[in-house]
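Down below is the structure, laid out as structure tokens.
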Amino acid sequence: MIELKVDVDPAEVGFDDERLRRIDKHFDGYLERNLLPGYLAVVTRNGKVAHLASNGMRDIEAGLPVETDTIWRIYSMTKPVTSVAAMMLVEEGRIDLADPISRWLLEFAEPRVFTKGSSVRMATEPATEPIRLWHLLTHTAGLTYGFHRTHPVDAVYREAGFDWGTAPGLDLAGVSEAIARLPLLFQPGSEWNYSVATDILGRLVEVVSGQSLDVFFAERIFNPLGMHETGFQADPDVLDRLAALYVPHPKTKAPFRHDEMGAVGRVAPTCLSGGGGLVSTAGDYHRFTQMLLRGGELDGVRLLSPRTVQVMASNHLPGGVDLETYGRPAFSEAPYHGFGFGLGFSVLDDAVKAKTLASAGEFAWGGAASTAFWVDPDEDITVLFFTQLLPSSSYPIRVELRNLVYQALVG
């Protein structure tokens with residue numbers, strides 16, 4: 001277990017300690033209004049933890065508090081891990097960003113694209129170009145999520161069993177085959193849409209590497225980085241440290257326990273979801289973000305080259321446009337104005353346009369249960385936030401946290 005603690009005087013790394021405590025006060029306000037079960041925030045600079053803020057319960061009903069070793073369902077914060085895995089294979093020359101994925105996943109050999117109609121009766125046409133690895137990493141493949149509920153193709157996903165998660169009973173290979181039978185939302189590369197692309201990317205990692213995704217993650221990423229409490233299931237002997245999962249009560253907004261979805265992380269999953277299946281601790285994910293901040297290396301362990309991380313953290317949308325221009329802004333978890341998208345992360349291109357105090361060049365993402373992280377190479381900062389409240393659009397936690405962190409940066 002990684003012991004996470006404050007290990008530097010905030011003033012030594014340019015933070016005002018009193019201003020940092022505004023983070024605690026702000027999120028304690030959420031607890032006082034009974035809107036969150038509990039939270040944990042971690043602010044680092046120059047590789048040192050300058051501030052830890054935590055309060056509330058990891059399990060309200062059991063009376064168990066949030067602690068630094070609490071295990072969290074990180075949902076889509078799994079995506080950057082899968083993206084790193086794919087780029088490790090790119091670096092080894094085993095796959096290229098421009099490669100059609102059908103070279104390894106034959107089910108995607110002849111994708112068809114929605115043109116008009118409804119989920120019951122629709123017209124499609126052949127894709128004008130193949131889905132490539134780059135499309136999966138950038139969410140420009142034409143795939144979607146059933147929970148978007150904005151397009152007939154979203155409805156087709158739900159009818160096939162893909163709503164909040166993967167279709168029941170399917171392993172990752174089965175998920176890939178099932179998704180390949182569904183129409184694309186648009187021609188590959190023509191738009192951005194948050195999607196199951198990273199689940200398909202996880203399957204691609206399996207086929208190219210010859211290892212199951214959990215084994216690849218453990219052997220190539222987690223064990224080398226010392227992330228021993230990150231995986232697709234919490235160890236049975238520490239299940240009491242796994243936070244309970246909550247949704248806002250429809251009337252009172254108070255955290256309401258969701259035991260059905262809360263089973264995630266407690267039992268071994270049928271599908272190893274590269275898009276959202278991991279559980280982790282703040283200490284473990286801190287190691288992952290520090291590796292990214294340091295250009296792919298941590299404590300003598302190198303996963304990626306600095307050039308690769310730089311490319312991943314660059315805006316890959318054509319012409320350098322932002323998500324507001326190129327994306328489908330139906331998914332409220334994603335920022336749009338001033339943000340582009342890289343290979344697995346959102347990328348802040350224009351802080352003024354985004355109306356944020358954050359730094360241009362920041363790369364980030366979050367998870368469905370309102371978790372979040374970002375890496376700021378310009379200021380040598382990483383920030384983590386954990387709670388367990390679905391959906392992430394419930395409150396503007398990420399926008400608020402950015403401003404709270406940067407207003408405390410004085411040097």
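Excluded from the calculations below are hydrogen atoms, water molecules and symmetry mates; all remaining heavy atoms, backbone and side chain alike, are included. Predicted model, so just to flag it, every value in this text is computed and none were measured. Count residues from 1 along the sequence.
Within the structure, the salt bridge (Lys or Arg N to Asp or Glu O under 4.0 Å) test picks out no pair touching residues 301-314 (sequence neighbours left out). Pairs passing the salt bridge (Lys or Arg N to Asp or Glu O under 4.0 Å) check and including a residue from residues 112-129, sequence neighbours excluded, read Glu129-Arg132. Annotation: salt bridge (Lys or Arg N to Asp or Glu O under 4.0 Å) contacts involving residues 337-347, sequence neighbours excluded, are absent. Applying the salt bridge (Lys or Arg N to Asp or Glu O under 4.0 Å) rule to pairs touching residues 39-66 yields Arg45-Glu379, Arg58-Glu67, Asp59-Arg257, Glu61-Arg257, sequence neighbours excluded. Applying the ring-ring contact (aromatic ring centres under 6.0 Å, His included) rule to pairs touching residues 45-100 yields Trp72-Phe386, sequence neighbours excluded.
Between the side chains of Glu229 and Thr281, not a single donor N or O lies within less than 3.5 Å of an accepting N or O. Inspection of the Ser212 and Asp214 side chains reveals an N or O donor paired with an N or O acceptor under 3.5 Å.
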- How far apart are the C-alpha atoms of Lys79 and His139, what are their side-chain angles, what is the distance that settles it, and do they pass the side chain to side chain contact (heavy atoms under 4.5 Å, CB included) test? CA-CA 11 Å; Lys79 288 179 170 70; His139 291 282; 4.1 Å; yes
- Query: Do Tyr406 and Ser359 pass the side chain to side chain contact (heavy atoms under 4.5 Å, CB included) test, and can you show the C-alpha distance, the side-chain angles, and the key distance before you say yes or no?
  - Reply: CA-CA 9 Å; Tyr406 286 102; Ser359 306; 4.0 Å; yes
- Task: Determine, step by step, whether Met88 and Leu304 satisfy the side chain to side chain contact (heavy atoms under 4.5 Å, CB included) criterion, reporting the C-alpha distance in whole Å, the side-chain angles of both residues, the deciding distance to 0.1 Å, and the verdict.
- Result: CA-CA 6 Å; Met88 292 171 74; Leu304 295 170; 3.6 Å; yes
- Do Val238 and Asp69 pass the side chain to side chain contact (heavy atoms under 4.5 Å, CB included) test, and can you show the C-alpha distance, the side-chain angles, and the key distance before you say yes or no? CA-CA 10 Å; Val238 295; Asp69 66 353; over 6 Å; no
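Tested against Thr356, the residues Asn403, Val399, Asp350 include a single side chain to side chain contact (heavy atoms under 4.5 Å, CB included) partner, Asn403. With Phe345 as the partner, the ring-ring contact (aromatic ring centres under 6.0 Å, His included) test is satisfied by one option alone out of Trp365, Phe363, Phe339: Phe363.
Atoms CG and CG, on Leu242 and Asp240 in that order, are 9.5 Å from each other to the nearest 0.5 Å. Between the CD1 atom in Ile71 and the OG atom in Ser280 there is a gap of 9.0 Å [rounded to 0.5 Å]. Rounded to the nearest 0.5 Å, atoms CG (Asn34) and NE2 (His249) are 11.0 Å apart. The distance from the OG1 atom of Thr68 to the CG atom of Leu52 is 7.0 Å, given to the nearest 0.5 Å. Here Thr382 contributes atom OG1 and Trp374 contributes atom CH2; the two are 9.5 Å apart, rounded to the nearest 0.5 Å.
The closest side-chain heavy-atom distance from Leu105 to Glu177 is not below 4.5 Å. Side-chain atoms of Met312 and Val84, non-hydrogen and from C-beta on, do get closer than 4.5 Å to each other. Side-chain contact between Val81 and Ile74 is absent, with no heavy atoms from C-beta onward closer than 4.5 Å.
Evaluation of the side-chain contact (heavy atoms from CB on, under 4.5 Å) rule for His228 yields Asn223 as partners, not counting sequence neighbours. The ring pair (Phe, Tyr, Trp, His ring centres under 6.0 Å) search around Tyr285 returns Phe288, Phe373, not counting sequence neighbours. Under the side-chain contact (heavy atoms from CB on, under 4.5 Å) criterion, Ser394 pairs with Pro248, Leu389, Pro391, not counting sequence neighbours. Listed by chain and number, the residues in a ring pair (Phe, Tyr, Trp, His ring centres under 6.0 Å) with His151 are Phe114 (sequence neighbours excluded). Tyr157 is linked by a ring pair (Phe, Tyr, Trp, His ring centres under 6.0 Å) to nothing, counting only residues two or more places apart in sequence or in another chain. For Ile2, the side-chain contact (heavy atoms from CB on, under 4.5 Å) criterion is met by Asp284, Arg287, not counting sequence neighbours.
Asp163 and Arg149 are joined by a salt bridge, as a carboxylate oxygen and a charged side-chain nitrogen come within less than 4.0 angstrom of each other. Salt-bridge check for Arg402 with Glu362: passed, with a basic side-chain N closer than 4.0 Å to an acidic carboxylate O.
Few gaps surround OH on Tyr395; more than 12 heavy atoms of other groups in view lie less than 6.0 Å from it. Counting heavy-atom neighbours within 6.0 Å of Glu400 CD, excluding the residue itself, gives a total above 12. For Glu3, the CD atom counts as loosely surrounded, since its 6.0 Å shell holds 12 or fewer non-hydrogen atoms of other residues, nucleotides or ligands. Arg158 CZ: more than 12 foreign heavy atoms inside a 6.0 Å radius.
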Pairs of donor and acceptor atoms involving the side chains of residues 202-210, under 3.5 Å and at least two apart or interchain, shall be tabulated with distances.
from, atom 1, to, atom 2, distance (Å)
Arg203, NH1, Glu206, OE1, 2.9
Glu206, OE2, Leu213, N, 2.9
Ser209, OG, Val205, O, 2.6
Ser209, OG, Glu206, O, 3.4
Ser209, OG, Gln211, N, 3.1

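Between Tyr30 and His26, the angle of the ring planes goes over 60°, which puts this pair in the perpendicular group of the 30/60° scheme. Taking the six-membered ring for Trp and thresholds of 30 and 60 degrees, Tyr39 and Phe385 have nearly parallel ring planes, at less than 30 degrees apart.
What you find for Arg398 and Ser392 is that their closest heavy atoms are NH2-CB, 3.5 Å. Smallest separation of non-hydrogen atoms from Trp134 and Gly189: CZ3-CA, 4.5 Å.
Remark: Arg220 fails to qualify as a cation-pi partner of Phe217 under the 6.0 Å distance and 45° angle criteria applied to the six-membered ring.
For Gln407 (side chain) and Leu404 (main-chain N/O), a donor-acceptor pair under 3.5 Å exists by modelled atom type. The main-chain N or O of Gly38 is found under 3.5 Å from a side-chain atom of Thr387 such that the two form a donor-acceptor pair. When atom types are taken as modelled, the side chain of Thr78 and the backbone of Leu278 share a donor-acceptor pair closer than 3.5 angstrom.
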